[in-house]
There are 2 protein chains.
Amino acid sequence: MDQRVELRHLRYFLAVADELHFGRAAERLHIAQPALSQQIRQLEKLIGVELFTRTSRSVRLTDAGTAFRPRARDLLGRLAADLHEAGRVGRGEAGRLDIGYISSAVVILSERLRAFARRRPDVHVKLHDGFTVDVLASLEHGTIDVGIVRDAGERDDMDLLPLASERFVAVVPADHPVAGRERVEAGDLAADPLILFPRAYGPHAFDVNTAPLREAGVDVQVAQECSNWHTIIMFVATGLGVTIAPYSVTNRLPDGARRLELAGRPTESHIQMATRRSDDRPLVEAFLGRR
Amino acid sequence: MDQRVELRHLRYFLAVADELHFGRAAERLHIAQPALSQQIRQLEKLIGVELFTRTSRSVRLTDAGTAFRPRARDLLGRLAADLHEAGRVGRGEAGRLDIGYISSAVVILSERLRAFARRRPDVHVKLHDGFTVDVLASLEHGTIDVGIVRDAGERDDMDLLPLASERFVAVVPADHPVAGRERVEAGDLAADPLILFPRAYGPHAFDVNTAPLREAGVDVQVAQECSNWHTIIMFVATGLGVTIAPYSVTNRLPDGARRLELAGRPTESHIQMATRRSDDRPLVEAFLGRR
DNA sequence: CGTGATCGATAAGCTGTGCCGATGGATCAG
DNA sequence: CTGATCCATCGGCACAGCTTATCGATCACG
């Protein structure tokens, strides 16, 4: 029974309910009075109920009309708001953005988020943490819209925008023979057990950043895998082995650990913002800073 | 921008959003595919935002479309519910009924309410207590739809349906000379101070029910007005005077008061249900028991 | 790398319906 | 009784929305 009801009916109904006068209501709607009478009759027929009691001298709302009026008004208000909201979402002024990130990028991410929230206060950002592989997979799958990753390899389905770069440095126990030095040769670490992030969690990053070790003839055998930088640093501090790590995660070392520059060709590790290449949605563009 | 949006647009939008295929959606809507394409385009133009990204091989929702979909669905659902509800109100199956009543009619009112609530569980009844004059005025004014009153005079703008009738009886202090008798002549009360309901709260009831006193030659001078039957009875019990009262309010007398039949022509007091004569709304008819 | 199938957009013409102006009928004031 | 007011009804018309036919783009397949 409601299939043929249209918003026109509701708009006309509200006008008549406001004016309680078909002539004036029609005028307000910029139509002639007969057209209005017709449409109201039609609406009543569609609902199966009289909405007004009319005599040739007066128009009054029935109980049904009285009950329906606030609902109709509310409905039209909602629709207007929803259409407006849809427009804002379309223009990237509002909406939801799902961002995946790696934990060692929280600082740079939070800076970006703060600036973005100021520019787009009505955008709800949902965060998903994970390792670089997870973030890239989620991005590919569509679970997230933007990924913050470290040293992702070149991919033809994604755009990678460098956000920051930092050196990898060595971290050794304080009682290690080289602990007092400013810098260390990669070869000096050859004898020590290596504690590293699992390669599976970021194969390209692993390969790139361990390259100096391999070039120095070190056989990169991981003695202990650990997927949390802070835990890795603690392992080093307690003498379990040595590691190489992004500079930023070595800022506040515990007492038992020492940071040393790696001699030779420095390895730059890049934190990157990844998006799907086909994805040109305004919200994503906005987060990238393109508008 | 939303003036020309119609429900048709929303229905079509939802069909395409469900199917993600213009051909199938058109089929579901029983229209041809070009018509659907046109209407969707038109909606997009009205909102100012693309709702779908279409290639010749695939149709996907944009962010704006994704955001709009649940809202559009909700809107159509609400409308259907509201139309249904309006229909029920029109048929008197739901809605709100305002009932005015006098306190001495609570028993008979509560019986009626219980029966009515069983027949019309979705009708919300709002009660307004007052004196007969107030109830009649509210009814005339439209604040209430039904009034329960006592001995309203004939009125050409109202229908009065008798619900119950009862005698007026005398109530005297237990130490009154006539207290031991079964019945009393009106004249026997002539010497005692009269405690009565204010005439203004129900002039016709007052005149009708004090008529036997006047006919017996009693000069009806109200020594003490009181607008609460239980208080009046208490006054009598403490020896302040005598009263005549509807039988039903003398059912549980305090120790100091005695009830006596009034001799002579018995006065029948009527509890009546009053409605506006022009009021033929189904809910009112239903409460009257006419359907 | 052509070929057919799929699918949405576009074009052109038709049709239903929503609107208009004119008129009717009921009610009320004076 | 007369004129004014106001909603309903009637007949005609214009246009919005629908139809069929066709195009162009994309993809699967041999």
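Note: hydrogens, waters and symmetry copies are ignored here, and every other heavy atom, side chains too, is used. Chain naming here is simple, since letters A, B, ... match the order of the sequence lines and numbering starts at 1 in each.
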Closest-nucleotide 5' rank along DNA chain C - winner of B:Arg24 and A:Arg57: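 Closer to the 5' end of DNA chain C: B:Arg24.
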Of A:Thr55 and A:Ala32, whose closest DNA chain C nucleotide lies nearer the 5' terminus?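 In this pair, the answer is A:Ala32.
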Take atom [atom1] of [X] and atom [atom2] of [N], then tell me their distance rounded to the nearest Å.
X	N	atom1	atom2	answer
B:Tyr12	D:dG17	OH	C1'	8 Å
A:Ile40	D:dC6	CD1	P	17 Å
B:Glu19	C:dG8	CD	P	11 Å
B:Glu27	C:dG8	CD	C1'	16 Å
A:Leu36	D:dA8	CG	P	9 Å
A:His9	C:dT17	NE2	P	11 Å
A:Gln42	C:dG18	CD	P	5 Å
A:Leu29	C:dC20	CG	P	10 Å

Can you figure out which of [options] approaches the side chain of [X] most closely?
X	options	answer
B:Arg8	D:dG17, D:dC6, C:dG8	D:dG17
B:Val59	D:dC7, C:dC20, C:dG8	C:dG8
A:Arg41	C:dC19, D:dA8, D:dC6	D:dA8
B:Pro34	D:dC7, D:dA21, D:dC18	D:dA21
A:Gln33	C:dG8, D:dT19, D:dC7	D:dC7

For B:Phe197 and B:Phe131, take the angle between the two ring planes, folded into 0 to 90°, and tell me which bin it lands in: parallel under 30, tilted 30 to 60, perpendicular over 60.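 Rings of B:Phe197 and B:Phe131: perpendicular, as their planes differ by over 60°.
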Aromatic plane relationship, B:Phe287 with B:Phe116 - under 30° parallel, 30 to 60° tilted, over 60° perpendicular: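 Ring orientation of B:Phe116 relative to B:Phe287: perpendicular.
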Answer yes or no: does a side-chain N or O of [X] lie under 4.0 Å from OP1 or OP2 of [N]?
X	N	answer
B:Arg54	C:dA9	yes
A:Gln38	C:dC19	no
A:Ser37	D:dA8	yes

Mark yes when over 12 heavy atoms from residues, nucleotides or ligands other than A:Arg60 sit less than 6.0 Å from its CZ; otherwise mark no.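 Atom CZ in A:Arg60 is not crowded, with 12 or fewer foreign heavy atoms closer than 6.0 Å.
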With a 6.0 Å cut-off on ring centres, are A:Phe13 and A:Phe52 close enough?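 Under 6.0 Å, so yes.
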Would you say the side chain of A:Arg281 lies within less than 4.5 Å of the side chain of A:Arg276, judging by non-hydrogen atoms?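 A:Arg276 reaches A:Arg281 side chain to side chain.
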